Amino acid sequence: MIPFSPPRIDDKIINEVVDTLKSGWITTGPKTKLFEKKLAEYTGAKSCLCLNSATAGLELMLRWFGVEKGDEVIVPAYTYCATANVVIHCGATPVMVDVEKDSFNIDVEKLKQAITPRTKAIIPVDMAGWLCDYNKINNIVNSPVITKLFTPKNEIQKQLGRILVMADAAHSLGAICDGKKSGVLADVSVFSFHAVKNLTTSEGGAIALNLPAQFDNEELYKFLCVLGLHGQNKDALAKTKGNWKYDVITAGFKVNMTDIQAAMGLVELERYDDDTLKKRRYIFDYYAKEFSGNDKFVLPIYDQTNKTSSYHVFLLRVKDISEDQRDEIIRRIVEKGVSVNVHFQPLPMLSFYKSLGYDIKDYPQAYDNFKAEISLPVFYDLTNEQLQTIVNAIKTSVDEVL
Ligand SMILES: *Cc1c(COP(=O)(O)O)cnc(C)c1O
């Protein structure tokens, strides 16, 4: 069976993890701090904070901004549940917006129409590693008509004076628009280092801070370290340095990254551009070449003159098929020894969101993209022979069903 997306675990990773285990320091410590510094250098963000997941990062930032009951946060209908669940955790309402046909990303025109005086934040999702149009989204939240609607409820919201733009950048580490990397395109960007993501620390995530000049991003970083560690004003490492006494300033969360995770991240980041992304791009090009000649298929967008993807998921679509036909094609592909997936089931199709009243009929493009979509294997150790096996399995299965 050709797997879908196994992590790249080689001697370099193993040795760095063993080094951490032997160092005597396994929780948040020197490696996490170094990984944060390297991530900030890599992305260009003003500051980066590492955590145990992207979900934790998204929620921490909503909590910092004071998002609560009665507030609305705009999210795409086509995403992983984490994007909407963090809004619900805060007691606020996710306002779902349909997506674009070509990019799978949030439809910016519809996003604009969804803004109300209750809107506190927008969480665009860079689907499959393709960046949203942040120029347009930033222009919308800064436009006088929209800032006039904004109703701040606390000092931080007053200080920003507009809707917060927080990128769900779980897929887009290393993606570039107009020479700028994911991490500096929105106020805040949150990366995921979960096992299936481009860069993995087994579980993990990071917040990249890029708030405008009226905010001290370094001060905010320090505050978020406290908020992510029970509101305790000194972490374990600081306490070893002579002064045991600490205070708790708020009922914070417990979402810090460990040095074991950071050890993996440091190895992965070092080889990310020249090795990981190169290989992923090679795989994307391979699939694109194989499927482009055949008018049964719709290829994902992944490179344009001013914008390059992080090549996270290859979202292949089969033209004019029903959901049942797609599922049958997948069954046949798997039978031929190839693991594929679907990214994602639009949220309004899932029980919990249905129970809240969301209805997929209100998101026709999300459904249209979903019903035709098959995500193909993309991982570092894929061989040319495996790539050809995958392509053949897909083409044959599609021919069998259609
Ligand atoms: C993976 C993923 C997340 C969550 O990341 P975790 O690190 O597992 O919390 C959030 N949003 C999207 C779009 C994802 O794919």
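Quick caveat, the model's predicted, so the values are computed rather than measured. Just so it is clear, the values below take in all heavy atoms, side chains as well, and ignore hydrogens, waters and symmetry mates. Counting starts at 1 for both ligands and their atoms, in listed order.
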Looking at H171 versus F344, is the centre-to-centre ring distance below 6.0 Å?
-> yes
Using salt bridge (charged side-chain N to carboxylate O under 4.0 Å, His left out) as the criterion, list what pairs up with D273, not counting sequence neighbours.
-> none
K289/D285 salt bridge by N-O under 4.0 Å criterion = no
Looking at V378, L382, I2, which one forms a side chain to side chain contact (heavy atoms under 4.5 Å, CB included) with L387?
-> L382
Results of ring pair (Phe, Tyr, Trp, His ring centres under 6.0 Å) for Y363 - residues two or more places apart only | none
Please name all residues satisfying ring pair (Phe, Tyr, Trp, His ring centres under 6.0 Å) with F4, sequence neighbours left out, ordered by chain then number.
-> H343
Set of residues that line ligand 1, where lining means a heavy atom lies under 4.0 Å from it = S53, A54, T55, T79, Y80, A82, T83, V125, D168, A170, H171, S192, H194, K197, G204, F344
